[in-house]
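Lettering of chains follows the sequences in order, A, B, ..., and the numbering in each one begins at 1.
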Amino acid sequence: MADVIYPKLIAAKLRSQMVYRASFAVDFVSQVMAQSYELIVILVLFSQINALGGFTKNEVLLMYAFAGAAFGVADLFAGQLDNLPTYIRTGTFDVLLMRPLGTLPQIMVSDIRLRRVGRITGALAVMAYALSHVAIDWTPAKIVLTILTPMAGAVIYSAVWVVACSICFWIVEGREFANAVTYGSNAFTSYPINVYSAPLRWVMAFIVPGAFVAYYPSLALLGKEDPLGLPGWVGWTSPLVAALAATVAGLVWRFAVRHYRGTGS
Amino acid sequence: MIEVRELRREFKVATSKGLRRNYKTVTAVDGVTFDVKAGEAVGYVGPNGAGKSTTIKMLTGILVPTSGHIQVSGVDPAKQRRDLAKRIGVVFGQRSQLWWDLPLKDSFDLLKSIYRVSTQDYQARLDECVELLGMQELLITPVRQLSLGQRMRGEITAALLHAPELLVLDEPTIGLDLESKERLREFLADINTRRGTTLLLTTHDLDDIERLCPRLMVIDHGRVLADGPLAELRAEVTPDRELVIDLREPGPAPDVPGVTAVRSEANGLRHHLTFRRAEITAAQLITQVVRQVEVHDLAVVEPEIDDVIRKLYQRQVDQEAHR
Amino acid sequence: MLAGMTTNVVFGLLRLAIISAAVTAANGEIADYDIAATNTYVWIGQGLLGFVLLWGNNELAERVRSGDVVVDLYRPWHLQGALLAQDVGRGGFAFMTRLAPPMVFGMLLFPFQFPDNPVRWPLFLLSAVIALVISFGVRFLVEISAFWLLDNRGVYGFWNVTSGLLCGLTVPISFFPEWARDTLWMTPFPALLQAPIDVFLGHGSTAKLLLYQLFWAAVVLATGHLALQRAVRKVVVQGG
């Protein structure tokens, strides 16, 4: 079974980071700060206004926290896809192809950075604050939804990452394009999507399914109606969207690797 | 072990002229055919850009051929990449498959899991390599602290842990010092003869071929120029050999029919006699020489392998000029 | 290049949407920013980002770490001056490729607040050039911190993460609570982005803004010069 090896590969990577313990602390702090960046923006804006797109500060913070936690987890695993251009250029990708394992899982465990937990920690703290300051009619189903949302979001972001980075097999500066999509969708999903203009929303909320990371699940939790008119059950579909996104990502990756090896295009 | 028929690989290269982008098709490998039998040791040489690496990448399943047929170790590399990976070992001189920040032993342990090697086999194979390559002290050293020669020993061990039937080496001795090179060659010769592991290696260092590979394949412009035992290729393209004689007393060179050129040095103490192997054997020549002069020492010099390959290229160029 | 522009535009659109939504929620104006001013602010900011080069590549610091910097130090030039000259040259090119495109993009597609007085155009240009010099000075300090820290990636990362907020890239400084606003204007950071934008929009006293920028340009460059001198002495004493 292939499942034994991946934990070992992850453990190996974590061990090798212990070598650089001093920079770990610094990195951890800058990750927490990176996550706080958007938080400060939200707080600054709400020092001037009472509601954004019809949502209160704490409601927006809830969306921000869901998005942040999901992005943090995705970054932990899919973030190393940012190294793909380097892997291709230096031939490391060829080494991965020579092993009897899939390339995507190998890359995902190739460079797990524990410091990225800094992001997740920050987001979870804000999530705890937001959840205790907004009015939610708690039911068992909503508790499950609260737990599932960051996970589904992480899968969606990871899928976006995979699809976006696949472009690096074709274009040399693909990484920058990819970052516009990945980091861009993190910024995007931290706010209620009704503040965006329609074209931007279509691309970033539905084609890239960013709306299902935080916005719709938050609506379902809060029991609020969607200003854009979608029915309430949409907020419960994120795991499905995540599964769909993961499937698409898997297919795109396969196509991209096939192109790299020479049968595509 | 390896079966290659009419193998071709084309690349599209973008040639930008102003805003328009044109694509030019470059043929890196152009109709290569060869077989490698189990237990052989084959050297694959050619200038940069000749198509060596592209061939190796197709043999190892990294690249898919544009056309042609490949079978390695009984599987199609393009379709059964992971199957193939378990059967062959690959060493690239310029890229590492070890974990940079971890002790060498940790990399081996991970590969053990990746290739699902039983603990017993793993230990036996590792012990053997460690012993033969003298790596006892290196196992606990992080890879990034190893010298290139030490790391290369690690790379080869890493490629052998799953006991592959075929070991493909792409420039394994590049950048190594003489001692490290010699050690590697000795080890590779050993696993080839004793374990029967088939070897295919590309190299720029022709000493590798001389020491390791009874068979040589020369490729240029994507085509195989020559394929055969090194000795045969030598005889074919460089029919001349040289007999060097040192005389007891300075004197004129002996005059023997069949000798095509004479070069003398050290005031007639040493003479280089060039002769055609088709016209006279070394034994015949020596017999005649010692009849005429008093010889202190003598040696038969074979043409350098570089010469052989240079002549092969030259022959190819001439043939193309004739067409 | 195209990739960089895409990233620039995507983030510009996101910030524009969010700040505009806030401005709308506040009945059309926050701290002198209406919709047109917001749009102008966002696209000038996106342009200046590449022009002043807010985030450098930490190349000098890498050279310090590898020891290659010795070569730079023993050349017959003043290292800081030479690098500044290079950076100004880069800026000349970046003016066309990085600063102008986002501004034109914003002018064509969204309501744009053009200067009330044509003299603001050259003043804005002047302010942007000073901003570039300050940006160079700050980056230089971040990079030569490697002489003391060896691994300055923490400082470098810290700057990359915080500069967007400190300089007024993400939210106008005037949106901040009063205490934060006052504190920020006592630092050189708003001089990098917010000051040229304010000159263009006519927010605050232009003369005061330019003097503020010149002051910080002098301070940052002088600090860099002194720090470099000490660093060189350190290299000489320790032998690299």
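- Counting heavy-atom neighbours within 6.0 Å of A:Asn50 CG, excluding the residue itself, gives a total of 12 or less.
- To the nearest 0.5 angstrom, A:Met33 atom CE is 10.0 Å from C:Leu165 atom CG.
- For C:Leu13, the parts sitting under 4.5 Å from any heavy atom of chain A are the backbone and the side chain alike.
- Not one N or O on the side chain of C:Thr6 forms a donor-acceptor pair closer than 3.5 Å with the backbone of A:Phe177.
- Heavy-atom distances place the backbone of A:Ala51, and not its side chain, under 4.5 Å from chain C.
- Of all the heavy atoms in A:Ala187 and C:Leu14, the pair that sits closest is CB-CD1, 4.1 Å.
- Counting heavy atoms from C-beta on, the side chains of C:Val171 and A:Leu45 come closer than 4.5 Å.
- Of the atoms belonging to A:Phe188, heavy atoms from both backbone and side chain fall under 4.5 Å from chain C.
- With a 4.5 angstrom heavy-atom cutoff, A:Tyr183 touches chain C via backbone and side-chain atoms both.
- The side-chain heavy atoms of A:Tyr37 and C:Thr162, taken from C-beta on, include no pair separated by under 4.5 Å.
- With a 4.5 angstrom heavy-atom cutoff, C:Phe176 touches chain A via backbone and side-chain atoms both.
- For chain A, the option among C:Ala31, C:Ser20, C:Gly164, C:Ala180 with the highest count of heavy-atom pairs below 4.5 Å is C:Gly164.
- Heavy-atom neighbours of A:Arg119 CZ from other residues, nucleotides or ligands within 6.0 Å: above the threshold of 12.
- The candidate from A:Asn194, A:Val203, A:Leu200 with the greatest count of non-hydrogen atom pairs under 4.5 Å with chain C is A:Leu200.
- Here the options are A:Val44, A:Ile40, A:Val41, the test is side-chain contact (heavy atoms from CB on, under 4.5 Å), and the partner is C:Thr170; only A:Val41 passes.
- Surrounding CZ of C:Phe158 are at most 12 heavy atoms belonging to other residues, nucleotides or ligands under 6.0 Å away.
- Within a 6.0 Å sphere centred on CD of C:Glu29, other residues, nucleotides and ligands contribute more than 12 heavy atoms.
- Taking both residues in full, the closest heavy atoms of C:Gly4 and A:Glu176 are given as CA-OE2, 3.1 Å, listed atom of the first, atom of the second, then distance.
- In this structure, C:Ile30 and A:Ile49 approach most closely via the heavy-atom pair CD1-CG2, 4.1 Å.
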